[in-house]
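Since the structure is predicted, the reported quantities are computational estimates derived from the model, not experimental observations.
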Amino acid sequence: MDRLAGDPRVESYLGPAFPVVSAFHTMLTEEGVLRGLIGPREVARLWERHLLNSAAVAQHLPGTGQLVDVGSGAGLPGVVLAAMLPDVEVVLVEPMERRVDWLSEVVARLRLDNVVVRRGRAEEFHGAVEAEAVTARAVAPLDRLARWTLPLLVPGGVLVALKGRQAADEVEAARHVLRKLGGGATQVLEAGTVEGLETTTVVRVVKDAARRR
C-alpha cells in the first residue's frame, strides 16, 4: 500500500492536476509491473519516489511553449508534467515500441490533449524539433545527455534533468561538452514537494543565445 495514498497533502500540492495524476497512479499500480514499466517494489512508493519526484520539476520549467521529455519510458516525468502544465505542448520521445504503446494508451485514457507521443531516440529529432524545454529522468550521465538534448532547444531554452546525489560531479565532468554545445548557466537545484519528503535534485542548463566555439 502506498503510504501517501489518500494523503490530502498530495492533492493540495498537485492542485488541478491531481485527478489526472491520480488516474495515472492507478494505471501504473494496475499495469506497471505486468508491462515491465516499474519494479514490484516501486508500487508501494509510486507517489513519493516517482510521481511527486516528477512533479517537483515543474517549478523549474516554463509555463508555455514546447517541452520534449526524452526517454519517457513509463511516462515519468512527462505525463505528470503535462498534467501540471496544461499550456505546454509536451512531446514524449521513447524508442521502445511497447513503451510507446503504453504512453499512447495513457495519453488517450487521461485525455491529455497537450501531449503527442513520438517513437525514436532524441538525436533522431535534431533539426526537426526546437523546444523551449527538455526533461529527462534516469536516462544517461549529463555529458551524454547534453549531446542528445541541447540540440533540441531554442536559444534560451532549458534542459532540466532529474539527478541524484552525484549531480554536482556530473556537471563538473560535463563542463567541456556543455560549453561546446552552447550550454550556458548551469545549476544544481533542490526541488521540494510535500513537506517531510526528500527533495528532488535537478540539473538545469540554459542554452546560450549564441553557440560557443
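- Cluster annotation: Val100 and Val70 are assigned to distinct hydrophobic clusters (Ile/Leu/Val/Met/Phe/Trp/Tyr, side-chain heavy-atom contacts under 4.5 Å, transitive).
- Looking at Asp87 and Thr64, their side chains never bring a donor and an acceptor atom within 3.5 Å of each other.
- Here the side chain of Lys207 pairs a donor or acceptor atom with the backbone of Leu153 at under 3.5 angstrom.
- Annotation for Thr200 and Ala56: closest pair OG1-CB, 3.7 Å, computed over non-hydrogen atoms.
- One hydrophobic cluster holds both Leu85 and Leu110 under the rule that ILVMFWY side chains link at heavy-atom gaps under 4.5 Å.
- The minimum heavy-atom distance linking Val88 with Pro62 is given by the pair CG2-O, 3.7 Å.
- By the 4.5 Å heavy-atom criterion applied to side chains, Val177 and Arg147 are counted as neighbours.
- Neither Leu142 nor Val160 shares a network with the other; the hydrophobic side chains, linked directly or stepwise wherever heavy atoms of I, L, V, M, F, W or Y lie under 4.5 Å apart, form separate groups for each.
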Next on the checklist: Could you walk me through whether Leu162 and Thr201 satisfy the side chain to side chain contact (heavy atoms under 4.5 Å, CB included) test, starting with their C-alpha distance in whole Å, then the side-chain angles of each, then the deciding distance to 0.1 Å, before giving a yes or no?
Outcome noted: CA-CA 6 Å; Leu162 288 79; Thr201 302; over 6 Å; no

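- Leu51 is listed as a side-chain neighbour of His25, based on a closest heavy-atom distance under 4.5 Å.
- Of all the heavy atoms in Trp148 and Ala140, the pair that sits closest is CZ3-CB, 3.5 Å.
- A donor-acceptor pair is defined here as one N or O able to donate and one able to accept, closer than 3.5 Å; such a pair exists between the side chain of Arg204 and the backbone of His60.
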Item to check | side chain to side chain contact (heavy atoms under 4.5 Å, CB included) between Leu197 and Leu4, intermediate numbers included | outcome: CA-CA 10 Å; Leu197 297 187; Leu4 290 178; 3.7 Å; yes

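- With hydrogens and angles ignored, the 3.5 Å screen pairs a side-chain donor or acceptor of Asp69 with a backbone N or O of Gly78.
- No side-chain N or O of Asp101 forms a donor-acceptor pair with one of Ser104 less than 3.5 Å apart.
- A heavy-atom distance below 4.5 Å is not found between the side chains of Val20 and Leu14.
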Checklist entry - Can you check salt bridge (charged side-chain N to carboxylate O under 4.0 Å, His left out) on Arg98 and Glu31, steps first, answer last? => result CA-CA 13 Å; Arg98 65 181 178 84; Glu31 302 180 55; over 6 Å; no

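- By the 4.5 Å heavy-atom criterion applied to side chains, Arg35 and Trp102 are counted as neighbours.
- With rounding to the nearest 0.5 angstrom, the CZ atom of Phe18 is 4.5 Å from the CD atom of Glu11.
- Between Leu181 and Ala146, the shortest heavy-atom contact is CD1-O, 3.5 Å.
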Next on the checklist: Walk me through whether Ser54 and Arg137 qualify under side chain to side chain contact (heavy atoms under 4.5 Å, CB included).
Outcome noted: CA-CA 8 Å; Ser54 296; Arg137 182 178 189 260; 4.1 Å; yes

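- In terms of heavy-atom proximity, Ala83 sits nearest to Val21 at CB-CG2, 3.9 Å.
- Ion pair Glu170/Lys163 flagged as a salt bridge, since at least one NZ, NE, NH1 or NH2 atom sits closer than 4.0 Å to an Asp/Glu carboxylate oxygen.
- Arg119 is not listed as a side-chain neighbour of Glu94, based on a closest heavy-atom distance of 4.5 Å or more.
- Val57 and Val139 fall into different hydrophobic clusters, where Ile, Leu, Val, Met, Phe, Trp and Tyr residues are linked whenever their side-chain heavy atoms come under 4.5 Å apart, directly or through other members.
- Separation of atoms CZ (Arg49) and CG (Leu76) is listed at 12.0 Å; rounding is to 0.5 Å.
- Rounding to the nearest 0.5 Å gives a distance of 11.5 Å between CG of Leu61 and CD of Glu132.
- Between Glu42 atom CD and Asp2 atom CG the span is 10.5 Å, to the nearest 0.5 Å.
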Checklist entry - Arg3 and Glu48: salt bridge (charged side-chain N to carboxylate O under 4.0 Å, His left out), yes or no, with the steps? => result CA-CA 9 Å; Arg3 72 182 184 91; Glu48 180 173 358; 2.8 Å; yes

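- Thr149 contributes a side-chain N or O that, together with a main-chain N or O of Leu145, makes up a donor-acceptor pair within less than 3.5 Å.
- No donor-acceptor pair closer than 3.5 Å links the side chain of His50 to the backbone N or O of Ile38.
- At a threshold of 4.5 Å between non-hydrogen side-chain atoms, the residues Glu130 and Val154 count as touching.
- Counted within 6.0 Å of CZ on Arg121, heavy atoms from surrounding residues, nucleotides or ligands total 12 or fewer; the atom is thus considered open.
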Next on the checklist: As a quick check of understanding, evaluate side chain to side chain contact (heavy atoms under 4.5 Å, CB included) for Asn114 and Glu89, giving each step before the final call.
Outcome noted: CA-CA 5 Å; Asn114 60 328; Glu89 178 192 348; 5.7 Å; no

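- Without hydrogens or angle criteria, Arg118 side chain to Val91 main chain gives no donor-acceptor distance under 3.5 Å.
- The two residues Val115 and Ala82 come nearest to each other via the heavy atoms CG2-CB, 3.3 Å.
- Distance check: Leu52 CG to Thr199 OG1 gives 12.5 Å after rounding to the nearest 0.5 Å.
- For the atom pair CG of Leu103 and CE of Met96, the computed distance is 11.5 Å after rounding to the nearest 0.5 Å.
- Following chains of ILVMFWY side-chain contacts shorter than 4.5 Å, one cannot reach Val79 starting from Val134, and the two form parts of different hydrophobic clusters.
- At a threshold of 4.0 Å, the pair Glu198-Arg45 does not count as salt-bridged, since none of the basic side-chain nitrogens sits closer than that to a carboxylate oxygen.
- Looking at heavy atoms from C-beta onward, Phe125 lies out of side-chain contact with Val68 at the 4.5 angstrom threshold.
- Looking at Leu178 and Val205, their side chains come closer than 4.5 Å, going by heavy atoms from C-beta outward.
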